[in-house]
There are 2 protein chains.
Amino acid sequence: MAKEKRVLLKDVADSVGVSTTLVSIVLNGKAKQYRIADEMVEKVIKAAMEMNYSPNLIARNLRGGKTQLIGLIVTDISNPFYSAIARIVENRANELGYTVVFSSSDEDLDNTKRLIDVLLNKGVDGLIVVPCDGSEDLIKSIHENNTPLVLIDRNFPETDISFSCLNNYRATELATRHLIEQGYENIALVGYKTGMNHILDRIRGYEETMKSAGLSKYIQVKKVNLLNTKVEMSNVLDVLINKKKVDAVIFLTNMLAVTGLYCLKDMHVRIPEDIAMVGFNRNDVFNLFPSTITHIRQPLELIATQAVNILVDKINHSELEIKSMSFSEPQLIVGASTPNKKDI
Amino acid sequence: MAKEKRVLLKDVADSVGVSTTLVSIVLNGKAKQYRIADEMVEKVIKAAMEMNYSPNLIARNLRGGKTQLIGLIVTDISNPFYSAIARIVENRANELGYTVVFSSSDEDLDNTKRLIDVLLNKGVDGLIVVPCDGSEDLIKSIHENNTPLVLIDRNFPETDISFSCLNNYRATELATRHLIEQGYENIALVGYKTGMNHILDRIRGYEETMKSAGLSKYIQVKKVNLLNTKVEMSNVLDVLINKKKVDAVIFLTNMLAVTGLYCLKDMHVRIPEDIAMVGFNRNDVFNLFPSTITHIRQPLELIATQAVNILVDKINHSELEIKSMSFSEPQLIVGASTPNKKDI
DNA sequence: TTTTTTTGCTTTATCGTTTTAGCTAAATAC
DNA sequence: GTATTTAGCTAAAACGATAAAGCAAAAAAA
């Protein structure tokens with residue numbers, strides 16, 4: 001099977017009997033600007049269509065310096081949260097004529113550095129990055145190098161790097177307020193150890209809402225380790241439930257909520273009879289569990305679409321150094337895990 | 001912050017005071033072949049390192065070289081099964097010096113066609129594809145065009161296109177035999193409508209195992225539609241349980257199993273008291289449900305790694321037209337959803 | 001000493017586009 | 001009737017690398 005030769009600009013040009021330049025001009029819609037005769041434009045377009053010509057992007061990109069490639073660095077593409085984002089990024093990018101290259105950093109700084117290097121080397125036109133703990137300087141240096149860059153899910157508020165993420169403060173504010181309104185008071189929070197802003201904001205949202213409701217004395221923020229999550233979670237929950245006698249728990253991520261559910265099940269703690277809970281992000285688990293789980297929903301569609309929009313805008317106007325900030329509003333999905341306390 | 005200009009071959013050449021050709025030769029490890037002096041080789045390499053040179057892949061590719069880019073087309077990257085595969089593909093590809101570009105076909109032929117076109121246009125060195133229903137001719141034409149290509153998860157047995165997938169026949173054979181050994185007889189199967197080989201093989205595995213156990217009369221294959229799954233699933237399960245009085249159900253995909261669980265929960269059908277079930281692939285849900293679910297585990301790591309290995313081999317030896325077939329063996333994970341029938 | 005071979009490098013062409021500058025013939029102005 | 005403008009197109013350069021062919025100087029052979 002011989003490799004079918006691709007139809008080149010030259011082939012179209014030869015078939016019409018004109019120069020490649022003319023064909024290029026016509027197909028790029030610059031006929032008017034170069035005052036090409038109307039009949040000629042028609043002839044060329046017809047020939048190109050008939051021969052099924054499509055430009056070699058590599059050649060085009062070599063000339064123009066653009067690849068129409070977007071690099072997406074998440075912490076782990078196999079994490080459903082990030083694969084959902086990836087899908088939306090892909091869709092929006094395709095709409096805008098881009099293709100997505102992805103990589104997983106595993107929350108590791110060195111990996112992130114290496115991956116960014118590789119992607120820039122491949123000539124991506126811009127990057128969408130979920131930055132990991134400690135990557136602020138690295139990300140800043142990339143940004144200062146004028147590489148179009150947008151952070152997603154997490155951000156560095158002290159820098160002028162554009163981002164698209166959840167209004168994290170509002171998320172836990174919503175969750176905490178809901179619990180308080182349902183009559184809970186001894187409400188604890190389970191997060192994980194990190195200096196990243198998205199988690200800190202969520203913690204602030206909880207703390208400040210508790211304070212302003214006069215529940216300061218109940219504020220309890222527990223942080224589990226991301227590695228040994230299951231064991232640590234068991235210990236934390238044991239303390240919260242058996243020693244601190246908490247009413248309700250808010251889990252700061254989907255993974256923490258799911259792990260929490262596993263542990264509670266093992267501990268034979270019933271939801272909501274023994275404890276109320278609020279999770280983060282949707283998960284099949286939340287609906288299958290004996291009682292559906294109240295949770296914070298992130299508008300992924302909006303977050304991811306905005307990230308691409310901002311990035312492509314940056315790519316097309318690299319001369320402007322604008323910081324775009326997109327905070328998407330969270331939604332509280334009320335399930336059976338947070339009934340009014342007097343109904344239990 | 002001015003954009004740092006990329007270091008070009010010419011820059012390195014100028015700094016050493018030689019031609020670009022020489023630098024290219026040296027950096028491509030062809031110094032011996034072109035009998036370049038050893039000291040010169042050293043000087044050039046040192047300069048390239050110091051200047052942090054890395055070749056422009058677009059230019060290299062245009063010249064006929066390679067992009068070190070692999071295209072991955074799955075049906076939906078946000079499907080956890082495929083995002084898990086994507087992650088492993090990414091890891092293995094990175095190990096071999098490749099970067100992955102991904103796209104989702106949504107099980108649609110036209111999308112697949114378009115995506116393949118786009119990816120080839122971007123100059124990917126090869127493709128890993130989850131083919132959709134009806135894509136055989138398209139895929140064959142790509143293959144015959146000498147584009148390195150490997151199918152994953154599904155395959156076309158009648159063609160000489162390489163693939164890496166599960167031994168699907170064995171999967172349902174395992175599941176069916178397990179149920180029979182546990183004392184079940186009236187065992188039904190729920191799949192979905194498709195002409196794709198992986199599902200047909202799974203159906204065959206079930207049917208033939210039932211036959212050889214003398215249970216032909218119980219063979220029941222139900223097919224739900226992929227679009228209106230939930231409603232159809234409810235109807236199908238209603239018929240199977242209330243009319244056909246089945247003992248056990250095997251669900252042919254993860255999605256079907258999860259949907260099945262939702263429906264059974266809504267119908268207040270208990271597992272395993274009212275019906276036994278076997279699912280496909282791991283899912284958080286399987287462990288959180290009141291009783292853990294027996295399921296077929298696919299060795300994703302192996303399947304995905306093999307796909308990359310085969311592809312890269314093809315890329316490096318495009319002159320050889322070898323059909324590589326990798327069937328990975330399924331594993332049966334026994335949970336509480338299939339107890340011995342006399343123990344219920 | 002002269003010719004041949006080998007060494008070590010460079011020049012030039014090429015990949016398929018886009019862009020810049022330029023060229024010819026017709027139309028208009030003077 | 002000559003000069004200038006305009007319309008309609010083309011030739012050539014460029015993007016950054018690689019591959020083929022070529023060429024001078026040094027070394028070896030005659």
Side-chain angles (χ1 to χ4, degrees), chain A residues 3-45 47-48 51-69 97 120-123 125, chain B residues 3-45 47-48 51-69 117 120-123 125:
Chain A
K3 197 158 194 153
E4 277 175 43
K5 221 172 137 286
R6 264 191 80 113
V7 178
L8 305 180
L9 209 53
K10 185 165 186 328
D11 300 325
V12 180
D14 287 352
S15 95
V16 184
V18 294
S19 70
T20 59
T21 305
L22 188 144
V23 179
S24 169
I25 288 171
V26 170
L27 296 183
N28 284 301
K30 302 187 176 169
K32 280 277 165 300
Q33 182 184 334
Y34 281 81
R35 39 182 196 222
I36 307 296
D38 288 355
E39 317 109 65
M40 181 59 88
V41 171
E42 242 176 78
K43 259 205 290 189
V44 168
I45 290 178
M51 302 178 71
N52 197 23
Y53 169 78
S54 81
N56 178 322
L57 293 178
I58 301 168
R60 173 181 279 179
N61 292 332
L62 177 58
R63 190 68 234 284
K66 297 277 190 263
T67 51
Q68 301 293 114
L69 237 45
L120 290 181
N121 236 272
K122 301 276 173 182
D125 293 341
Chain B
K3 192 159 202 157
E4 281 174 38
K5 220 175 136 288
R6 260 191 84 116
V7 178
L8 306 180
L9 209 52
K10 183 162 187 331
D11 300 326
V12 179
D14 287 352
S15 95
V16 184
V18 293
S19 70
T20 59
T21 306
L22 189 142
V23 179
S24 169
I25 289 170
V26 169
L27 297 182
N28 284 300
K30 300 186 178 169
K32 280 277 165 301
Q33 183 185 332
Y34 281 80
R35 39 179 195 223
I36 308 295
D38 288 355
E39 317 109 66
M40 182 58 87
V41 171
E42 242 176 78
K43 258 204 290 190
V44 168
I45 290 178
M51 303 178 71
N52 198 24
Y53 168 77
S54 75
N56 178 322
L57 294 170
I58 302 169
R60 174 181 276 180
N61 186 250
L62 179 58
R63 189 57 183 67
K66 297 286 154 75
T67 49
Q68 302 294 111
L69 235 46
D117 246 31
L120 290 180
N121 243 285
K122 300 274 174 184
D125 293 342

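Residue numbers begin at 1 in each chain, while the letters A, B, ... track the order of the sequences.
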Test side chain to side chain contact (heavy atoms under 4.5 Å, CB included) applied to B:Y53 and B:V44, B:D11, B:L27, the passing residue | B:L27
Which angle, rounded to 10°, do you find between the first-five-pair axis and the last-five-pair axis of the helix from C:dT1-D:dA30 to C:dC30-D:dG1?
-> 70°
For the student: nearest non-hydrogen atoms of A:A47 and A:V16, plus distance | CB-CG2, 3.5 Å
For the student: nearest non-hydrogen atoms of B:N121 and A:I58, plus distance = O-CG1, 3.7 Å
For the side chain of B:K122 and the backbone of A:T67, is there at least one donor-acceptor N/O pair under 3.5 Å apart?
-> yes
Expected output: side-chain B:N61 to main-chain B:L57 donor-acceptor under 3.5 Å | no
Set of salt bridge (charged side-chain N to carboxylate O under 4.0 Å, His left out) partners for A:K10, sequence neighbours left out | A:D14
When every nucleotide of nucleotides 16-29 of chain D is labelled 5' to 3' by its protein contacts under 4.0 Å (heavy atoms), B for base, S for sugar-phosphate only, - for none, what sequence of letters results?
-> BBBBB---------
Does A:S54 have any side-chain hydrogen bond (donor to acceptor under 3.5 Å, both in side chains) partners at least two apart in sequence or in another chain, and if so, which?
-> A:R6
Any residue meeting side-chain hydrogen bond (donor to acceptor under 3.5 Å, both in side chains) with A:N56, in chain and number order, not counting sequence neighbours | none
Side-chain heavy-atom pair A:I36, A:L22 within 4.5 angstrom cut-off = yes
Under a 4.5 Å cut-off applied to non-hydrogen side-chain atoms, are B:L69 and A:L69 in contact?
-> yes
What are the 5'-most and 3'-most nucleotides of DNA chain C lying under 4.0 Å from any heavy atom of chain B?
-> C:dT7 to C:dG16
